[in-house]
Amino acid sequence: MTEKNLLLIDGNSVAFRSFFALHNSLSRFTNADGLHTNAIYGFNKMLDNILDMFDPTAVLVAFDAGKTTFRTKMFDEYKGGRSKTPPELSEQMPYLRELLTGYGIKSYELPDYEADDIIGTLAREAEDDGYQVTIVTGDRDLTQLTTDQTTVAVTVKGVSEVEEYTPAHVKEKLGITPSQIIDLKGLAGDTSDNYPGVTKVGEKTALKLLDQFESVENLYDHVDELKQSKMKEHLIEDKEAAFLSKKLATINRDAPIKITLDDVQYKGANKDYLIDFYQRMDFQSFLKNMQSDMEPVEKKELKYTELTKDNLSLVQELPKQLAFYLELPDKNYHLSEFAGFAIGTDDSFYVSRNVELLNESVFTQMFNDADYSIDVFDAKRTFVGLNRLGISINNIRYDVLLQSYLLDTNDNSNDLGQLAHEHGYMDIDSDSEVYGTGTKRAIPDDDTILFQHLVRKVHALNILGEKLNDDLKQNEQLELYSSIELPLAIVLAKMEIAGIKVNQDRLHQMQSEFAERLSEIEHDIYQEAGEEFNINSPKQLGVVLFEKMRLPIIKKTKTGYSTAVDVLEKLRGESPIIDNILNYRQIAKIQSTYVEGLLKVIHSSDQKVHTTYLQTLTQTGRLSSIEPNLQNIPIRIEEGKKIRQAFVPSHEGWHILSSDYSQVELRVLAHLTGDKHMQEAFKNDQDIHASTAMRIFGLKDASEVTPNIRRQAKAVNFGIVYGISDYGLSQNIGITRKQAKQFIETYFAEYPGVKNYVDGMVKIAKDQGYVETISHRRRYLPDINSSNFSQRSFAERTAMNTPIQGSAADIIKIAMIKMQNELEKRNLKTKMLLQVHDELIFEVPDNEMTEIKQLVPSVMDSAMKLDVPLKVETSWGNNWYEAK
DNA sequence: TCGATCACG
DNA sequence: ACGTACGTGATCGAG
């Protein structure tokens with residue numbers, strides 16, 4: 001006889017448990033549409049575990065139907081006072097149903113009844129029919145249903161483990177039978193369901209009473225026999241409440257359910273449905289399990305031909321639209337070895353380890369033939385790689401990395417395999433699977449492994465390029481892709497290749513100067529502390545300052561005392577050691593990060609540094625710069641600023657020229673908000689901070705704007721751009737929160753357009769789930785409806801900041817493309833070298849200086865037409881330090 | 001690998 | 001009552 005096993009799941013309870021179990025990682029669990037998925041994920045984990053453990057022949061998930069039930073009719077405060085379900089959980093409920101559909105599991109709800117009642121009723125029917133029943137829930141109340149045939153599995157530690165209650169286990173834990181659970185609840189009540197029980201009687205007392213009297217009814221039959229006590233009075237007084245509570249706790253095992261055991265027979269999952277569902281949820285690990293589950297469904301083996309010098313002509317037979325992948329395995333592609341390449345489309349693929357083949361005319365012609373269009377992954381990387389081989393390419397069509405990033409700034413993995421999976425293309429492994437990670441990372445010796453992987457990449461590009469292009473079109477982002485990001489990739493490649501010359505002698509000179517000063521200060525600090533310790537260790541420093549020297553503790557971090565600058569500044573008067581530490585920190589920073597750090601990354605071949613710009617990293621559309629980061633070279637403090645003297649032109653007699661946008665972000669703000677007052681200030685070329693100062697402090701004349709007042713107004717302007725809060729502003733300029741609040745209110749009254757914009761952006765983010773820049777760059781903000789104040793506030797500030805910072809990024813990107821075009825069109829030797837968010841840096845031969853001084857600002861200020869003028873300031877000198 | 005710190009816009 | 005300014009990267013010490 002086959003065993004009959006029924007699995008009943010309390011849907012709401014398990015969803016709730018899953019949600020809170022993964023609440024800390026809430027923001028990690030969102031899919032591409034910004035939907036939270038943590039509860040769905042947790043529920044899925046639980047399902048996998050439970051199905052595996054109990055191997056059921058029938059399954060049902062019961063849900064609560066709504067707020068009101070027959071219990072609320074008996075007692076209208078039943079489950080009252082519960083905080084309402086967080087929106088991040090509610091939004092997941094419909095998808096939970098889809099998950100169940102995928103598993104081939106029925107779900108059911110019944111108006112006026114709770115999930116418990118459905119479970120109780122069906123469990124009774126199943127027992128009568130000879131089933132073994134397992135009930136899964138997060139709610140211990142359901143243990144009242146345990147019998148010899150029915151086990152109640154209560155989730156513990158989130159939902160990954162369960163505690164199984166049998167009648168024996170209930171007895172062991174509480175000393176009562178399952179049917180007495182309701183008596184227990186009757187006497188003790190239940191705070192989470194908000195019913196009272198008897199005053200002053202909790203679980204302990206209730207159990208004692210039940211041990212003696214067995215049931216509520218019997219207790220009250222003999223209540224007179226109790227000796228006089230406060231408890232006896234309470235019992236008598238709350239008799240009604242006790243009976244009501246018992247009734248409320250009793251699960252209805254006779255609910256009018258319209259679902260039968262026949263309806264819930266379990267026949268297994270619908271794998272196609274689940275795969276589609278997992279893709280939509282971005283559940284990579286479940287997808288993978290499916291795959292490994294699904295027999296030996298190996299990834300498709302693609303046919304390919306290994307290229308050699310002798311069969312190169314085969315490449316000429318390829319269609320004119322194809323994909324090409326050049327493998328530079330190291331992150332730093334300026335120095336990486338070449339592992340090989342693959343090219344092809346449809347079912348013709350060619351592959352080789354020998355990148356020298358690319359120098360053959362078949363390829364060099366193909367890459368510069370306008371009739372061809374080549375799809376790649378990371379155009380900038382490909383361009384730089386080919387350039388190192390002496391090859392140019394000018395017909396790239398789709399860059400799947402860029403496309404993917406523009407569609408969703410979070411999809412920016414540099415691993416094509418991983419990214420393909422995120423877009424639903426599964427016939428490929430990730431680099432980490434094929435090459436390994438960390439120190440074990442290596443290119444496989446086995447040709448078939450490497451070649452198959454490279455060919456799969458090319459095939460993935462064939463499929464994804466077209467698909468993502470359609471998606472971009474849908475988002476109105478085609479223009480952003482083809483007129484800004486793709487051309488920019490090439491411009492950036494050329495800047496990286498150009499590199500910037502570094503004067504090593506100057507750095508070495510600074511290195512010994514700083515070393516000397518550091519050892520002097522170090523000596524003083526040890527004297528003052530009375531011991532030697534590692535000044536660079538915040539932990540050791542904390543002990544010295546706050547334990548040994550007993551200085552007042554201003555702020556703490558998660559791990560101990562804070563020793564950050566703002567804290568030390570407040571301690572300045574306490575001891576001369578503070579000034580020395582601040583000084584030491586400053587110089588140590590310059591020494592380690594800039595002098596020594598920079599020396600480490602100079603290419604010995606040309607005495608230059610070649611940074612790598614990350615074009616697909618930031619959430620706003622800005623670039624970032626690594627190895628080395630040339631976007632944070634010191635400028636604010638003179639000692640650090642001297643580092644810039646080491647950045648020099650690559651030719652004798654040339655100059656470094658720098659042009660920067662003046663207050664772009666505020667100009668963008670004036671444009672986006674349409675605020676008349678703000679626009680007026682820019683149109684009249686006024687000092688914007690002084691103008692703001694006059695408005696918020698109600699000054700009549702510009703002469704009344706003192707430096708301090710201007711400084712405060714400047715902070716307010718910055719605050720507006722960052723998404724202001726009174727607390728943030730008060731911290732920044734050292735005023736009270738109340739004053740800060742007053743400033744902000746006055747500001748909004750003076751600039752009503754700004755106020756409208758701020759509110760409008762938050763609303764847009766709430767309605768559509770994302771915000772956009774002027775060029776339709778998009779940022780999704782899944783936390784905008786969060787019930788967590790802090791997360792929600794952060795999303796709100798981002799909603800207003802991103803269009804500003806992002807539009808400013810759009811503007812300079814356009815300027816860079818135009819600038820590079822002009823330089824090439826005019827055959828100038830001047831090279832664009834660096835971009836620092838609102839600033840472009842060039843090296844210029846003397847005979848081009850006059851032209852460039854005029855050209856750069858005119859290209860930059862006409863990059864985009866705004867409702868206010870853009871302003872550009874230019875300076876130049878013998879090195880970067882002088883160009884300021 | 002992570003948190004604290006500090007460099008930039 | 002919450003607990004915050006927006007966007008980055010490199011270095012260090014410590015687990």
Side-chain angles (χ1 to χ4, degrees), chain A residues 409 437-438 533-542 555-568 581-582 584-598 600-601 611-614 617-637 639-641 643-644 660-666 668-669 715-733 737 740 744 771 779 786-806 808-809 812 834-840:
Chain A
T409 46
T437 54
F533 64 101
N534 188 341
I535 307 167
N536 285 320
S537 161
K539 198 177 166 192
Q540 294 183 31
L541 180 61
K555 202 166 71 179
K556 285 197 158 190
T557 66
K558 273 181 225 168
T559 49
Y561 314 107
S562 170
T563 64
V565 190
D566 57 323
V567 171
L568 294 187
I581 289 166
L582 285 168
Y584 180 91
R585 279 243 180 101
Q586 242 174 39
I587 295 170
K589 173 85 180 180
I590 300 168
Q591 180 78 314
S592 68
T593 304
Y594 297 103
V595 179
E596 287 165 356
L598 217 45
K600 269 185 233 160
V601 292
T611 187
T612 299
Y613 288 106
L614 301 184
L617 182 134
T618 68
Q619 297 299 306
T620 54
R622 275 190 174 182
L623 302 174
S624 88
S625 157
I626 57 167
E627 270 185 280
N629 180 357
L630 294 179
Q631 293 182 318
N632 71 345
I633 303 300
I635 191 167
R636 293 170 193 171
I637 296 158
E639 275 154 323
K641 189 174 175 181
I643 293 286
R644 293 179 174 228
D660 67 290
Y661 284 110
S662 154
Q663 274 120 23
V664 243
E665 293 194 345
L666 284 174
V668 168
L669 179 70
V716 175
N717 277 330
F718 269 99
I720 295 292
V721 170
Y722 293 155
I724 201 155
S725 75
D726 49 13
Y727 179 87
L729 181 64
S730 71
Q731 286 295 299
N732 196 295
I733 50 179
R737 209 167 144 166
I744 295 167
V771 291
R779 178 176 186 176
S786 171
S787 58
N788 178 313
F789 174 89
S790 178
Q791 290 185 359
R792 187 178 63 247
S793 305
F794 183 67
E796 287 171 359
R797 291 195 294 274
T798 335
M800 52 168 305
N801 170 268
T802 296
I804 299 168
Q805 193 181 114
I812 195 164
L834 305 175
Q835 188 252 44
V836 191
H837 308 307
D838 62 357
E839 176 186 15
L840 295 177

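Proteins come first, then strands; the chains are lettered A, B, ... in the order of their sequence lines, and each starts at number 1.
- Checking side-chain atoms of A:R792 against main-chain N and O of A:S786 turns up a donor-acceptor pair under 3.5 Å.
- Contact check for A:K555 versus A:D566: side-chain heavy atoms found under the 4.5 Å cut-off.
- A:R779 comes within contact range of the sugar-phosphate backbone alone, with a heavy-atom separation under 4.0 Å but no base atom that close.
- In this structure, A:S725 OG and A:E796 CD are separated by 11.5 Å, a value rounded to the nearest 0.5 Å.
- Read 5' to 3', the first and last nucleotides of DNA chain B with an atom closer than 4.0 Å to a heavy atom of chain A are B:dA4 to B:dG9.
- In this structure, A:Y561 OH and A:L541 CG are separated by 11.5 Å, a value rounded to the nearest 0.5 Å.
- Contact of the A:I804 side chain with the A:Y722 side chain is not registered, since no non-hydrogen atoms from C-beta on lie closer than 4.5 Å.
- Between C:dC2 and B:dT5, the two C1' atoms lie 27 Å apart (nearest whole Å).
- No contact: A:V721 has no heavy atom under 4.0 Å from any strand.
- Taken to the nearest 0.5 Å, the NZ atom of A:K641 stands 13.5 Å off from the CD1 atom of A:I633.
- A close approach under 4.0 Å does not occur between any side-chain nitrogen or oxygen of A:R797 and OP1 or OP2 of C:dA5.
- Between A:H837 atom NE2 and C:dC6 atom C1' the separation is 12 Å, expressed in whole Å.
- Note that CD1 of A:I724 is 12.5 Å distant from CG of A:N801, once rounded to the nearest 0.5 Å.
- Counting non-hydrogen atoms under 4.0 angstrom, A:A715 reaches a base of the nucleic acid.
- Minimum interatomic distance between A:S624 and A:L617 (heavy atoms only, all atoms of both residues): OG-CD2, 4.3 Å.
- Rounded to an integer number of Å, the gap from CG of A:D726 to C1' of C:dA1 is 14 Å.
- Under the rule for a side-chain contact (heavy atoms from CB on, under 4.5 Å), the partners of A:S790 that lie at least two apart in sequence or sit in another chain are A:N788.
- Rounded to the nearest 0.5 angstrom, A:R779 CZ and A:T798 OG1 are separated by 5.0 Å.
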Next item on the list: Begin from the C-alpha positions of A:R644 and A:I635 and carry the test side chain to side chain contact (heavy atoms under 4.5 Å, CB included) through to its verdict.
Entry: CA-CA 8 Å; A:R644 293 179 174 228; A:I635 191 167; 3.6 Å; yes
Next item on the list: Go along nucleotides 8-15 of chain C 5' to 3' and tag each nucleotide: B for a protein heavy atom under 4.0 Å from its base, S when only backbone or sugar atoms are that close, - otherwise.
Entry: SBBSSSSS
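- Here A:F789 does not lie in a stacked arrangement on the base of C:dC2, lacking the combination of planes under 30° and ring centres under 5.5 Å apart.
- Residue A:L630 comes nearest to A:V836 through the heavy atom pair O-CG2, 4.0 Å, listed as atom of the first residue, atom of the second, then distance.
- Non-hydrogen atoms lying under 4.0 Å from DNA chain C are contributed by nothing in residues 557-567 of chain A.
- Between A:N732 and A:A715 the shortest heavy-atom distance is OD1-CB, 4.2 Å.
- Here the P atom of nucleotide C:dA5 and the CD1 atom of A:I720 are 17 Å apart, to the nearest Å.
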Next item on the list: Let me have DNA chain C in dot-bracket notation, would you? Count Watson-Crick plus G-U wobble pairs, both distances under 3.5 Å, and use [ ] for pairs crossing earlier ones and | for inter-strand partners.
Entry: .....|||||||||.
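- Among the atoms of the strands shown, base atoms are found under 4.0 Å from some heavy atom of A:R636.
- For A:Y613, the side-chain contact (heavy atoms from CB on, under 4.5 Å) partners two or more places apart in sequence, or in a different chain, are A:K380, A:L492, A:M495, A:E496, A:T611, A:L623, A:S625, A:Q631, A:L834.
- Taking CG of A:L669 as the start and CE of A:M800 as the end, the distance is 7.0 Å to the nearest 0.5 Å.
- Comparing the same atom, C1', in B:dA7 and in C:dG3 gives a spacing of 26 Å after rounding to whole Å.
- For the pair A:N788 CG and C:dA1 P, the computed distance is 17 Å after rounding to whole Å.
- Look at A:Y727 and the base of C:dT4; the rings stack, centres closer than 5.5 Å and planes less than 30° apart.
- At a threshold of 4.0 angstrom between heavy atoms, the contacts of A:D838 are confined to the sugar-phosphate backbone, with no base atom among them.
- Between the C1' atom of C:dC2 and the CD atom of A:E796 lies a distance of 14 Å, rounded to the nearest Å.
- Residue contacts shown for A:I804 are absent, as no nucleic acid heavy atom lies under 4.0 Å away.
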